[in-house]
Amino acid sequence: MRLSSKMTLRFISYFAVFYIILLLSVMSLIFYAVYENETASSYVNLMTMDKMDVEMDIEEKNGSFKLTQKLINSAEKSGGVIHLLDENGQLLASSEKQARSYTMKELAKIEKHEEGHIWRIKNDQYLVFIQNNTAENLLEVISEQGIQHISSTIKQHLSKSDAIVEQYSANGQRQKILFGKETKELEPIKILMGSGNLTETKELVASEILKDGSLLVVRMKNPHYNPSEPIFMNGLKKALIVIAIFHVYLLILIVIFSAFIGNRFGRPVLHFLKRIEKLAGQDFGFVNDHKLRRKRNGRFKRKYRIFDEVDQSLTQLSTKLADNECKIQQSEKLREEWITGLSHDLKTPLSSIYGYSKMLSSKDYEWSQEDVRKFAVTMQEKAEYMDALIEDLTYTYQLRNNAIVISREEVNLNAFINEYVKNTTSENVKMEQMNSEIHILADSILLKRILDNIVGNAEKHTSEGTSIYLQITELDNKVLFQIRDEGQGIPKDELDNLFNRYYRGTNTTSEASGTGLGLAITKQLVEAMDGEISVQSNSSGTVVIVVFPKLME
C-alpha cells in the first residue's frame, strides 16, 4: 500500500475516533438533561403541562389509582390540589387527604372561572387541578361575618397571611383600609382581573361587591408566585452554561487531538528534515531518535510504522550518497593522477622535441648529417606519440558520448581468432582450438582493436617469450573469450584501476610506454557491443575475460 493511502486511512481512523468521542459526549449531555428533567421533584408550573406529561404520573395497580409524589409536589408548588376523577366525577385519587367527589356542574364552574385546569386522560378519566386562592377563602369568611364584625380569629389569619382588607368605591377609589398596613392602592383593572394563574401573579387579589355598591377587597402576597419568565431565563442561562461547557470541552478535545496528530505526524517529519539537513551537510551517519525508534532493533515504534517506507528510502539514499561521495573522492584522486600523468606524458616528449630543436637551431655547434637525422627521428617518434595520445583521448570521449558508429554484423568467432593469430607478428600468441563454431554480433574492426589492446598490453608487461593463449568457451547463451598469459601477474592495487583512463602514466622513454588509454578504450568498446570485461591475476599469470551474448541459430 502506498504512503498516501496509508496516511489517508490513518487520518480517517483518527477523525472517526474523534467523531465517536464527540458523539458520545453530546449524547451524554442529552441523557443527563433528560435524566435531570425526569428526576425533578416537581413540575415548574402544573397548569402549563400537557396531557402527556401529567398522564405518566398516574399509577394504577389492581384497579386502584395513585398519584406520584412528583405530581403532588407540583400541585402544592402551583398553589392548589389535584384530583383524579372518573367520568361521573367520582374521586379516584387526590393530593389532598380529605378530598371529595365533584359534580359535573362544579367541574364546569372550575373550568369556566379558570380556577384550575382539567385534563381528560385515558378511559374517560379526568385529572383536575384546583387552585387554592387564600385571598378568596379569607374574603368568603369576612363576607359571611360582615366587615363590621371581623373576629379576632380572622384577624389572626389575616395577620399570619400578611393580608390587607380594603374598601373601594364603585368607581375604583380606595375609601379606607379595614385591616393591615397602608400600601399603594390597587388599580381598578387589577381588582377586576383578580388573581388568575397563581404562579404568574405576584399578589393575590379577591373582591366582592357590597350592598352599598362598594367593593370589599382582600389582597396579600402570593406564596406560590413563580413566574415563567424568570424560569425561562434561568433555563436559558443553564442552556448557555451547558453550551459554553460543551464548547470548552470541545476546544480541549480539539487541542488534545491536534497535539496527538502533531506528535504522530509532526515528529517523524522533523526527524526526516534533520536527516535531510545532515545529508545536505554530507553527514551520512544514522540518526537514532529514541522517541521514534525501539532501542532493541532501531525500527520505528508501531505508532510511527506508517513512515517505514520514507525511513527506508532515506537510509538507501544515505547509503547511495555515501557510496557516491566515496566514488567522487576516488574519481577526484584518479583525475588528479590522470592530470599529473597526462601532463608528464605530454611534457616529456615536448621537452625532447624542444631540446633537439634548440640544439639544431644553435649557432654554437655544427651538426653532421647523421646527428641531424638521429635528432629528427627522435623528434618524429615523440610527435607520433603525442598524436596517438591526443587521438586516443578524442576517441575515448567519443565513445563515452556515443559518437562512434558501431556496425554490427554476424562474426564467426573461431574463424576470426584463427585469422588474427595467423596475421599477428608475435610467435607467442596461440589459440586453443574448439570443434564447434560460435557466432556473435560485433563490429569486426573494433573487435580487432580490442584484441590488439589486450594482447599488446600482455606482451608489454610480460617477459620476452611468454606465451599468450586465446580461448573461447560457451556458457548457456553467452560466449566467454579469454586472453591468458603466464607472466608474473598484476598487483592488486593496479588490478583495481586497470581500466581507468591514464592510470599508468608511464614515462615515454620506457620500452613499455603507451598512451594509458588502451584498456580504458577496450572496456568502452566491449560495453558498447553489450559485452562485459574483467581481469583475474595471480603469480601464475593474468586472464582477461570478455563476455559477449551468443548469437542463437
Side-chain angles (χ1 to χ4, degrees), residues 327-328 330-361 372-408 420 423-426 442-462 483 490 494-529 531 533 535 544 546:
K327 290 178 181 178
I328 289 172
Q330 291 177 352
S331 298
E332 185 67 20
K333 181 180 178 181
L334 290 174
R335 187 180 68 86
E336 291 177 358
E337 292 176 354
W338 170 77
I339 291 174
T340 302
L342 182 62
S343 299
H344 181 270
D345 283 354
L346 287 173
K347 189 175 182 181
T348 300
L350 280 174
S351 298
S352 298
I353 294 172
Y354 178 79
Y356 284 121
S357 63
K358 192 78 173 175
M359 291 169 63
L360 288 173
S361 63
V372 171
R373 188 185 66 79
K374 289 180 180 180
F375 293 164
V377 169
T378 302
M379 293 171 66
Q380 183 180 0
E381 289 176 352
K382 301 303 180 183
E384 287 175 351
Y385 171 79
M386 291 178 63
D387 181 66
L389 182 63
I390 294 172
E391 184 179 347
D392 282 353
L393 179 63
T394 303
Y395 193 73
T396 184
Y397 275 97
Q398 286 176 338
L399 284 172
R400 185 175 182 179
N401 296 309
N402 299 318
I404 300 297
V405 178
I406 298 177
S407 302
R408 296 192 187 188
Y420 179 81
N423 294 332
T424 185
T425 57
S426 175
D443 188 317
S444 57
I445 296 176
L446 298 181
L447 188 59
K448 182 179 182 301
R449 181 163 185 170
I450 291 172
L451 279 173
D452 287 340
N453 288 341
I454 297 174
V455 172
N457 192 70
E459 287 181 331
K460 288 178 184 177
H461 295 89
T462 56
I483 299 93
I490 304 172
E494 293 184 13
L495 194 65
D496 294 337
N497 296 287
L498 198 60
F499 295 107
N500 291 327
R501 288 176 295 178
Y502 305 110
Y503 171 73
R504 190 180 60 77
T506 56
N507 191 303
T508 54
T509 60
S510 170
E511 291 182 1
S513 62
T515 64
L517 290 169
L519 290 181
I521 292 174
T522 299
K523 185 174 187 298
Q524 288 179 295
L525 289 174
V526 169
E527 291 176 349
M529 290 187 284
I533 187 170
V535 180
V544 178
V546 181

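The structure displayed is predicted, hence computed values, not measured ones.
Here the options are Thr522, Thr462, Leu519, Ile483, the test is side-chain contact (heavy atoms from CB on, under 4.5 Å), and the partner is Asn457; only Leu519 passes.
Qualifying salt bridge (charged side-chain N to carboxylate O under 4.0 Å, His left out) partners for Glu527, counting only residues two or more places apart in sequence or in other chains: Lys523. With sequence neighbours left out, the ring-ring contact (aromatic ring centres under 6.0 Å, His included) criterion links Tyr356 to Phe375. Evaluation of the side-chain contact (heavy atoms from CB on, under 4.5 Å) rule for Arg373 yields Glu370, Val377 as partners, not counting sequence neighbours. Evaluation of the side chain to side chain donor-acceptor pair (under 3.5 Å) rule for Ser444 yields Glu409 as partners, not counting sequence neighbours. Considering only residues two or more places apart in sequence or on other chains, Val535 meets the side-chain contact (heavy atoms from CB on, under 4.5 Å) condition with Leu495, Leu498, Phe499, Thr542, Val544. Qualifying side chain to side chain donor-acceptor pair (under 3.5 Å) partners for Glu332, counting only residues two or more places apart in sequence or in other chains: Arg335. For Lys448, the salt bridge (charged side-chain N to carboxylate O under 4.0 Å, His left out) test picks out Asp452, with sequence neighbours left out. Applying the side chain to side chain donor-acceptor pair (under 3.5 Å) rule to Gln330 yields no partners; only residues at least two apart in sequence or on another chain are considered. A search for side chain to side chain donor-acceptor pair (under 3.5 Å) contacts involving Asp443 returns nothing, not counting sequence neighbours. Qualifying side-chain contact (heavy atoms from CB on, under 4.5 Å) partners for Ser351, counting only residues two or more places apart in sequence or in other chains: Lys347.
The heavy-atom pair separating Leu447 from Met529 by the smallest distance is N-CE, 4.5 Å. Smallest separation of non-hydrogen atoms from Ala528 and Arg408: O-NH2, 2.8 Å.
Taken to the nearest 0.5 Å, the CD1 atom of Ile353 stands 10.0 Å off from the OG1 atom of Thr378. Note that the CD1 atom of Ile445 and the CG atom of Leu525 stand 12.0 Å from one another [nearest 0.5 Å].
The closest side-chain heavy-atom distance from Val455 to Thr424 is not below 4.5 Å. For the pair Tyr385 and Thr348, the minimum side-chain heavy-atom distance is 4.5 Å or more.
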